[in-house]
J.: 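Have a look at this one.
When reading the values below, keep in mind they use all heavy atoms of this one structure, side chains included, and skip hydrogens, waters and symmetry mates.
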Amino acid sequence: MSKIKRRAWLKSIGAFSVAAGLPGTVYAETLVKPYRVKESFSETDILVVGGGTAGTIAAIQAGRTGSHTTLIESGSQLGGCTTTGGVSFPGIFHAWGEQIIGGIGWELVLDAVELNGDQLPDFSKTPKSHWKHQVAVNPALYAMLAEEKCLEAGVDIRYYESPTSVKFDNGKWLVESIGKGVKTLIAAKQLIDCTGNALITSMAGYKVLREKETQPGSLIYSMGGYDFNQLDLSKIPNRYHRALRQNMLRSKIRKTGENTFVPYGYVYVNGADSTTSETHTIANQKGRQSLLELIRELRELPGCENIRITSMKTETAVRETFRIEGLYKITKQDYVSGRVHDDSLSYSFYPVDLHREGKSIYQEFLKPNLVASIPLRALIPKKSENFLVAGRCLCSDRLANSALRVQASCMGMGQAAAIAASISIQEGVTPAKIAPSLVKKRLEEYGAIIPN
Amino acid sequence: MLCFLAFGSCYLLKNKVQYFIKNSYDWSVDLKNENYISFGDSLFLRQNSEGKSKSFYQHFSTGVCFDNRCRPLDITLHWTISGRYLGFEMPKGEFLSKTDHDPFTRKEYIQLNEILSNSDLPFREIKYHELMNQPESSIESVNAISGATSERIKDFVIKNAAYTTYKIWKLVYGESQKFIEYYTDRHLNNSNLLNLLESQERKDIIWGLLHMKDTLSFSIPLKNRLLSLIQSDDPYLSYNAVYAIPKAYLSDADFLEILFLSYLNISDASTKNSIVRKLKSAPSLSQNLISKSRESILEIAPQEISSLLKIYEKHRVKDSATIGVVRKLMNHPNAYIVKLAKDFLSNYEKSLYQNQ
């Protein structure tokens with residue numbers, strides 16, 4: 001059979017086979033009407049905006065109190081920095097040999113550790129480097145478990161949405177939210193801003209603060225195609241050593257061992273800001289451009305000729321943007337002295353940790369046995385009603401904020417804010433007027449650890 | 001006489017250097033009645049007259065090299081059967097010295113003994129040439145005398161003896177230790193496992209827990225020891241003890257009942273979480289355990305109720321008394337619990353329908 005004939009024959013066989021196997025409906029195409037944005041109205045008890053580190057925990061906790069809870073998340077999965085941002089290494093839950101943050105955040109971490117077949121490290125020993133007590137989690141598992149727990153708690157999750165207006169009307173918050181092909185008006189008794197950027201606080205008309213210069217963000221990636229142990233570091237400029245060394249570490253099964261380096265590679269993104277689509281787009285573009293430059297430079301180095309990117313997070317993770325002006329401002333002095341207030345609802349443990357333009361880090365460690373705490377008032381914007389924040393935008397000065405922003409602290413805040421919101425509904429008063437003792441008691445029932 | 005004593009260190013005979021860590025007595029053997037198993041020329045397992053493994057030791061004859069010169073090192077190292085460092089000794093007349101050839105002082109030997117007992121030092125990641133700060137061009141010609149000890153390690157080495165400290169630490173935590181752990185793991189039995197779990201030293205207990213296997217035959221003393229560790233005040237021991245529960249115990253109704261009661265009394269979330277996982281993976285739950293759980297369900301915290309309902313779901317607990325208690329949860333003040341109870345009862349009713 002000549003080549004042409006054979007090809008024509010095979011083509012005819014193929015066409016016959018495909019046609020024979022197709023159901024009739026394949027050809028039942030119809031023209032559809034132009035899509036009109038679907039508009040709806042819903043009512044909820046507690047509306048959480050932002051499904052990141054704090055918001056996920058706030059939503060689960062709110063749902064578990066029995067409150068009807070809605071969670072708006074602008075991305076496609078929960079977890080924020082821990083998942084989408086790639087800092088799958090949340091902490092710090094332990095200080096000076098004891099657990100200081102528990103509750104739902106810890107429950108989620110535990111479930112992710114167990115489902116990944118890992119075991120926890122020994123937290124009874126205080127490590128030389130604070131971050132060695134951060135717990136490596138599988139980010140995919142974490143995102144799925146977070147979603148499962150939200151759904152189990154009855155949380156109505158609205159992905160791909162972002163609020164466009166926030167108004168307080170007749171004792172309720174009216175939030176208009178727009179997503180892919182949908183526009184929803186949500187009426188909520190309590191509103192919790194977990195955007196990390198105080199965006200909802202600002203949209204609601206409350207004051208927010210921002211430093212002239214903010215800490216850089218990080219775009220997280222991993223590389224392959226080289227063996228760190230085989231490199232002749234004497235022939236590679238020092239500025240590349242960190243990137244090459246850190247990348248080689250995997251998220252180990254964390255039995256009794258501890259990671260030696262923070263187990264991810266990252267490039268700094270100066271001025272990174274995730275507050276709006278525009279600023280976050282810029283942060284992502286800058287991060288990707290820096291990473292491209294780095295890869296091109298690394299491939300020029302001896303032993304690195306075959307380096308390639310094996311993964312890159314889709315978003316630049318952000319350290320610092322806006323903070324609220326709250327009923328109480330946590331100062332650096334409060335933080336490093338381990339001050340506990342009557343309304344302290346959660347602990348926080350991390351060094352003051354200010355990344356300066358990606359060039360150096362100012363660090364100040366807490367003295368032995370001191371642990372900072374987070375008062376309810378730092379989560380309430382001044383002059384607000386039925387409104388709370390949780391996450392890095394809490395009211396604090398810049399140095400205190402550089403420590404408070406870490407994941408475990410944000411989880412603790414998320415849980416505390418949700419309990420406060422639920423008690424506010426129950427008592428019929430704004431969060432600033434509820435008795436801290438009531439919040440503490442309820443938090444303990446849900447496994448949270450209360451400062452004393 | 002070997003100095004396995006419950007003291008931090010000792011220096012008994014003149015010119016004979018011997019240092020052992022605290023609580024090493026557990027692992028000592030009676031020299032008159034001990035046996036040895038050798039592995040190659042220098043590594044030995046010490047056993048008592050009943051054949052019970054007690055400790056390992058190895059003699060090293062090597063050199064500490066720097067500045068293009070080497071000084072001989074003649075030392076015997078001791079480990080427990082779990083590979084934990086026990087101590088070191090040197091032949092009569094041998095001693096350790098520093099870069100200026102001064103011998104170690106007693107204080108420095110004690111400090112070295114402490115350094116060697118710390119398995120978490122950063123030496124594992126540090127290469128020989130990184131011990132001293134030096135110009136990049138001089139890697140092949142390290143000068144320990146003029147070089148300053150690297151900041152990364154200066155707190156973990158004997159002053160002016162960085163290379164010696166590093167070398168001995170690497171011997172303690174090197175291939176021999178790996179072999180010891182491997183050997184003990186392969187030969188783990190009821191007796192030496194219990195010995196480890198009853199050790200005064202937390203590290204041995206953790207080692208034992210991390211190496212428990214389903215293939216071992218388990219004794220009553222071992223079961224009791226495991227339960228006491230689960231109820232320990234040390235959350236890490238408690239967590240690992242639950243994690244280590246062998247499959248055989250999950251078929252033991254009494255064990256599971258005590259485990260459930262421990263769940264109610266333990267406050268550590270990690271341990272509680274692990275207990276729930278174990279109870280779910282048990283082949284079945286006794287009526288007694290289910291009855292005890294029913295008695296507590298109306299009193300416990302919301303998350304505990306949620307866990308208990310999941311355990312019931314997993315084991316298809318559908319007896320009328322349990323269903324009755326879950327119905328009572330429909331009146332719980334927390335709407336989340338009401339939702340869980342409703343879901344549970346709905347699944348129960350579906351199963352009834354499917355069985356008809």
J.: Does atom CG (A:N452) have a neighbourhood of more than 12 heavy atoms from anything else shown, all under 6.0 Å?
T.: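 No.
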
J.: So does A:Q363 have more than 12 non-hydrogen atoms from other groups sitting under 6.0 Å from CD?
T.: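 For A:Q363, atom CD is crowded (more than 12 foreign heavy atoms under 6.0 Å).
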
J.: Any chance CD of A:E148 has more than 12 other-residue heavy atoms, nucleotides or ligands included, within less than 6.0 Å?
T.: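 Check fails, neighbour count at 12 or below.
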
J.: Are A:Q119 and B:L210 side-chain neighbours, meaning at least one heavy-atom pair lies under 4.5 Å?
T.: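 When only atoms from C-beta onward are counted, B:L210 and A:Q119 do touch, with a gap below 4.5 Å.
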
J.: Using heavy atoms and a sub-4.5 Å threshold, report which of residues 335-347 of chain B line up against chain A, by residue number.
T.: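 Interface residues of residues 335-347 of chain B: B:A335, B:Y336, B:K339, B:L340.
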
J.: Look up atom OG in B:S270 and atom CZ in A:F123, then write down how far apart they are to the nearest 0.5 Å.
T.: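 Separation between the atoms: 7.0 Å.
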
J.: Report, as yes or no, whether the 6.0 Å neighbourhood of atom NZ on B:K178 holds more than 12 heavy atoms from other residues, nucleotides or ligands.
T.: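 Count not over threshold, so no.
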
J.: What's the spacing between A:D122 CG and B:K203 NZ if we round to 0.5 Å?
T.: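 It comes to 10.0 Å.
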
J.: Atom NZ of residue position B:K170 - does it have more than 12 heavy atoms of other residues, nucleotides or ligands inside 6.0 Å?
T.: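 Atom NZ in B:K170 is packed in, count exceeds 12.
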
J.: Contact between B:K310 and A:E152 at the side-chain level, heavy atoms closer than 4.5 Å - yes or no?
T.: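 Answer yes - side chains close enough.
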
J.: How long is the span from the CG atom in A:L120 to the OG atom in B:S274, to the nearest 0.5 Å?
T.: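 Between atom CG of A:L120 and atom OG of B:S274 there are 7.5 Å.
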
J.: B:S306 and A:R64: side-chain donor and acceptor closer than 3.5 Å?
T.: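 No, no side-chain donor-acceptor contact under 3.5 Å.
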
J.: Count the heavy atoms of every other residue, nucleotide or ligand shown that sit under 6.0 Å from OH of A:Y362, and state whether that count exceeds 12.
T.: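 Yes, enclosed.
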
J.: Test your reading of the model: is there a side-chain donor-acceptor pair from B:Y236 to the backbone of A:S124, 3.5 Å cut-off?
T.: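 Not a single qualifying donor-acceptor pair exists.
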
J.: Kindly compute the distance separating CD (A:E445) from CG (B:N334), expressed to the nearest 0.5 Å.
T.: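 Reported value, rounded in 0.5 Å steps: 9.0 Å.
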
J.: Sort by residue number and list every member of residues 408-426 of chain A having a non-hydrogen atom under 4.5 Å from chain B.
T.: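 Contacts with chain B: none.
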
J.: Are side-chain N/O atoms of B:N273 and A:E107 paired as donor and acceptor at under 3.5 Å?
T.: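 On atom types as modelled, these side chains do not qualify, holding no pair under 3.5 Å.
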
